[in-house]
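Contents: one structure, followed by commentary.
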Amino acid sequence: MSGGGVRGGGRRLVPLGGLAVGVALVALLLALGLTTDAKLAASPLSGRPAPAFDLPGLDGAEQSRVRLEDLEGQVVVVNFWASWCTECRVEQPELNAAWERFRDSGVVVLGVNFQDAPGDARQFAATSGASYPMVVDRDSSTALDFGLRGVPETFLIDRDGRIVERFVGPVTAATLGERLEPLIDGARP
């Protein structure tokens, strides 16, 4: 009788061990999915030509339209954002700082509004002090082409039009500066 109790306890350990392994796997997946480490968030597009886009300006004016091909020869920082995104608000002054620092060095910072109400997006841009160009990805096709995971997300495109880096989550002006300086000089990070 007591021997049967020992065997029954062993069977209970197997499901508990499986549960522990399952919890560990979920924790690992969450840690990898929520990271801002650029290496772990590497884009399959890294080293490949950036997807072409032709997007209207946030203000709706035709002269605000931006086509990626028009930026050929420049280093481009493409930042996907939305007004409902808290981290985008945190990140916005950092992008402004990078724009102010590098705009005369052949760098274009471009904000791409993603899945947002037009009025909310324009209000965000006006109240946040964003000074760099902003466009709208109305049908999310550009976000899909870039393989966007969420917002904020930022891509660096070199002078040859190739994606060289992807940042998932907010990026700082210091980090952008470290990555932009070699690109301005024509080197790859």
Side-chain angles (χ1 to χ4, degrees), residues 31-55 57-58 63-83 85-114 121 124-125 127-137 142-189:
L32 292 175
L34 299 176
T35 184
T36 56
D37 185 335
K39 289 188 172 118
L40 293 176
S43 170
L45 298 176
S46 288
R48 297 181 179 201
F53 57 79
D54 179 0
L55 298 171
L58 185 63
Q63 63 268 20
S64 301
R65 177 173 288 279
V66 175
R67 296 183 317 163
L68 183 59
E69 68 184 58
D70 293 340
L71 304 176
E72 185 177 330
Q74 300 182 69
V75 176
V76 183
V77 178
V78 177
N79 171 258
F80 289 88
W81 66 277
S83 65
C85 163
T86 303
E87 289 185 323
C88 298
R89 293 184 181 277
V90 170
E91 175 187 60
Q92 205 290 317
E94 303 292 324
L95 293 165
N96 257 355
W99 170 241
E100 293 302 325
R101 179 176 170 194
F102 294 106
R103 66 188 299 176
D104 294 329
S105 302
V107 174
V108 174
V109 175
L110 181 66
V112 180
N113 184 241
F114 171 73
F124 172 87
T127 58
S128 68
S131 58
Y132 49 88
M134 295 219 176
V135 294
V136 181
D137 184 16
T142 301
L144 289 171
D145 289 346
F146 275 76
L148 196 72
R149 291 182 179 180
V151 289
E153 198 164 306
T154 302
F155 295 83
L156 300 186
I157 301 171
D158 70 9
R159 293 182 188 274
D160 297 326
R162 297 184 184 277
I163 292 177
V164 293
E165 193 135 13
R166 171 193 206 171
F167 299 95
V168 175
V171 65
T172 65
T175 299
L176 282 175
E178 290 172 11
R179 302 304 202 283
L180 288 172
E181 286 177 1
L183 293 175
I184 292 168
D185 295 335
R188 293 187 184 265

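Note: hydrogens, waters and symmetry copies are ignored here, and every other heavy atom, side chains too, is used.
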Quick one: [atom1] on [X] to [atom2] on [Y], what's the gap to the nearest 0.5 Å?
X    : Y    : atom1 : atom2 : result
Y132 : N96  : OH    : CG    : 6.0 Å
R89  : T127 : CZ    : OG1   : 6.0 Å
E165 : E178 : CD    : CD    : 10.0 Å
N113 : L58  : CG    : CG    : 6.0 Å
L183 : S105 : CG    : OG    : 12.0 Å

L156 vs V77, side chain to side chain contact (heavy atoms under 4.5 Å, CB included): CA-CA, chis, key distance, verdict: CA-CA 5 Å; L156 300 186; V77 178; 3.7 Å; yes

With sequence neighbours left out, write down each residue that passes salt bridge (charged side-chain N to carboxylate O under 4.0 Å, His left out) with [X], or none if nothing qualifies.
X    : value
E87  : none
D70  : R67
D145 : none

Any non-hydrogen side-chain atom of [X] less than 4.5 Å from a side-chain atom of [Y]?
X    : Y    : answer
P44  : R166 : yes
P152 : V171 : no
L176 : L95  : yes

For F124, all residues meeting ring-ring contact (aromatic ring centres under 6.0 Å, His included), sequence neighbours excluded: W81

Considering residues at least two apart in sequence or located in another chain, which fulfil the ring-ring contact (aromatic ring centres under 6.0 Å, His included) criterion with F146?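 So F146 forms a ring-ring contact (aromatic ring centres under 6.0 Å, His included) with F80, F155.
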
Checking D160 side chain against R162 main chain: does a donor-acceptor pair fall under 3.5 Å?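 Not confirmed, D160 side chain does not pair with R162 backbone.
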
Taking side chain to side chain contact (heavy atoms under 4.5 Å, CB included) as the test, write out the residues that go with [X], two or more places apart.
X    : value
V108 : L71, Q74
R159 : V75, I184
E72  : none

Quick check: are there more than 12 heavy atoms from other residues, nucleotides or ligands sitting under 6.0 Å from CZ of R48? no

Take S131 and E100 through the test side chain to side chain contact (heavy atoms under 4.5 Å, CB included) and record every step on the way to the result. CA-CA 8 Å; S131 58; E100 293 302 325; 3.0 Å; yes

[X]: which residues meet the side chain to side chain donor-acceptor pair (under 3.5 Å) condition with it, sequence neighbours left out?
X    : result
T142 : none
R103 : none
T175 : T172
N79  : E91, T154

What are the two closest non-hydrogen atoms of A121 and S83, and how far apart are they?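 In terms of heavy atoms, the two residues are closest at N-OG, 4.1 Å.
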
Nearest heavy atoms of L68 and P51, plus distance in Å: CD2-O, 3.4 Å

E153 and F114: side chain to side chain contact (heavy atoms under 4.5 Å, CB included), yes or no, with the steps? CA-CA 11 Å; E153 198 164 306; F114 171 73; over 6 Å; no

